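Side chains are part of it too, since the values below use all heavy atoms of this structure and drop only hydrogens, waters and symmetry mates. Keep in mind it's a predicted model, so treat the numbers as computed, not measured. By convention in this document, chain letters (A, B, ...) are assigned in the order of the sequence lines, proteins followed by strands, and residues within each chain are numbered from 1.
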Amino acid sequence: MPEGHTLHRLAGQLNDSFAGRRVRVSSPQGRFAASAAVLDDTTMITTTAHGKQLFCGFTDDRVLHVHLGLIGSFDVGPPAPVRGEVRVRLATEAAVADLRGPQLCAIRTPAEVAAVVATLGPDPLRADADPELAWARLHRSGRPVAALLMDQSVLSGVGNVYRAEVLFRNRIDPHRPGNELTRRSWRAIWGDLVELMPIGVRDGRIDTVRPEHTPEAMGRPPRVDDHGGEVYVYRRAGEACLVCGSRIRTEVLAGRNLFWCGRCQRRG
DNA sequence: CGAGCATGGTGAC
DNA sequence: TCACCCTGCTCGA
């Protein structure tokens, strides 16, 4: 589930259901019980996201800091019985939010939150983002651009799906070192993320395929994949590229499965 | 039933 | 670079 769009969407959902309200906070699973008791029956002020970090601000300067990691989920919905391993449950009379499998879940002070945010690169989903900060680091690095895009201290919120898709859409070779990337390419990448990621927030899935390459336009079956969206290369290894027809390639880069088209993606 | 996998990140070597 | 953490789901025995 979780790249930056998931967290920003979640911030919106949590605000809709809990901001300005007294919230019951519990830990059905027990692993967060002591901290849950501290927050219980206090008021959520507002929840924000920065990259993949989620910050739920409560009264008395207490911030619930959540990072979903690879397998975490935070499901907001109407009241329902607890199911599975629920680390934290937020609840009102009208809504429940269940946090499962987070990589990180802790109460922070505002100063601690600021320190975390200070380590993060600009987030394409935030209005205060300055892409020059990312460029400054990126164009001085010899690491492959596909690794740099995943580095949350370079820019934040991009994960394995967006990195593969944004590089494909801009025809950039994932292996190109950051210091060989043109400024023009970087501006194209950033602009594309600013365009694509809000769509992900709105729809709760990652769609990157342009109108001329959609299943309807190409007479191909819609993608059937648990990640949901229509994409060009992510998890399409061995399939025909939607643009040129050559086989989508895959390899492990920066510890994650990278997907790309060796014919379409030659730019630097 | 166990193994393997997943849109992430850390800490040890 | 690797092991490992968190959870749930799918697949094959």
#### Entry: Separation of the C1' atoms in C:dG8 and B:dT10, to the nearest angstrom
22 Å

### Task
Take A:H213 and A:Y232, measure what ring pair (Phe, Tyr, Trp, His ring centres under 6.0 Å) needs, and give me the verdict at the end.
CA-CA 9 Å; A:H213 300 126; A:Y232 280 105; 5.4 Å; yes

## Note on the structure
Applying salt bridge (charged side-chain N to carboxylate O under 4.0 Å, His left out) to A:R137 and not counting sequence neighbours gives none

### Message
According to ring-ring contact (aromatic ring centres under 6.0 Å, His included), who are the partners of A:F58, at least two apart in sequence or on a separate chain?
### Response
none

### Query
So, is A:H67 close to the B:dG9 phosphate, meaning a side-chain N or O under 4.0 Å from OP1 or OP2?
yes

### Query
So does A:R100 pair up with A:D75, basic N to acidic O under 4.0 Å?
yes

### Task
Measure up the A:H139 and A:W135 rings against each other and bin them: parallel (under 30°), tilted (30 to 60°), perpendicular (over 60°).
parallel

### Task
Could you tell me whether A:R267 and A:D173 make a salt bridge, using a distance below 4.0 angstrom between a side-chain N and a carboxylate O?
no

### Task
Please check the phosphate of B:dA6 (OP1 and OP2 only) for any side-chain N or O of A:N160 closer than 4.0 Å.
no

Can you tabulate the close N/O pairs, meaning under 3.5 Å, that link protein atoms to atoms of nucleotides 5-9 of chain C?
unit_1, atom_1, unit_2, atom_2, d
C:dC6, OP1, A:R31, NH2, 3.3
C:dC6, O3', A:R87, NH2, 3.4
C:dT7, OP1, A:Q29, NE2, 2.4
C:dG8, OP1, A:E85, N, 3.2
C:dG8, OP1, A:R100, NE, 3.4

### Task
In plain terms, say whether A:R220 and A:E239 are close enough for a salt bridge, that is, a side-chain N and a carboxylate O under 4.0 Å apart.
no

Under 3.5 Å between N/O atoms: give me all the protein pairs with nucleotides 1-4 of chain C, atom names plus distance.
none

### Query
Rounded to whole angstrom units, what separation is found between the CD1 atom of A:I206 and the P atom of B:dA6?
15 Å

### Task
Write down the distance between CG (A:N257) and P (B:dG8), rounded to a whole number of angstrom.
11 Å

### Task
Could you give the distance separating C:dC5 and B:dA3 at their P atoms, to the nearest angstrom?
15 Å

Pairs under 3.5 angstrom only: tabulate donor-acceptor contacts from the side chains of residues 243-264 of chain A to other protein residues two or more places apart or in another chain.
unit_1, atom_1, unit_2, atom_2, d
A:T250, OG1, A:L258, O, 2.9
A:E251, OE2, A:H175, NE2, 2.5

### Task
Return the value, rounded to whole Å, for the distance between atom CZ of A:R163 and atom C1' of B:dG8.
12 Å

#### Entry: Separation of atom CD in A:Q53 from atom P in B:dG9, rounded to whole Å
7 Å

### Query
Can a side chain N or O of A:Y234 be found less than 4.0 Å away from OP1 or OP2 on B:dT7?
yes

### Query
Can you find a side-chain donor-acceptor pair between A:D203 and A:H5 that sits under 3.5 Å?
no

### Query
Does A:K52 make a side-chain N or O approach to OP1 or OP2 of B:dG9 shorter than 4.0 Å?
yes

### Message
Rounded to whole Å, please give me the gap between CG in A:L104 and C1' in B:dT10.
### Response
11 Å

## Note on the structure
side chain to side chain donor-acceptor pair (under 3.5 Å) filter on A:Q29, not counting sequence neighbours, yields A:E85, A:R87

### Query
Can you check the A:E165 CD to B:dT7 P distance for me, whole Å?
13 Å

### Task
Round to a whole Å and report the spacing from CZ of A:R256 to P of B:dT10.
13 Å

### Query
If we take the P atom in both B:dG9 and C:dC9, what is their distance in whole Å?
23 Å

### Task
Calculate the interatomic distance between A:Q152 atom CD and B:dT10 atom C1'; express it in whole Å.
13 Å

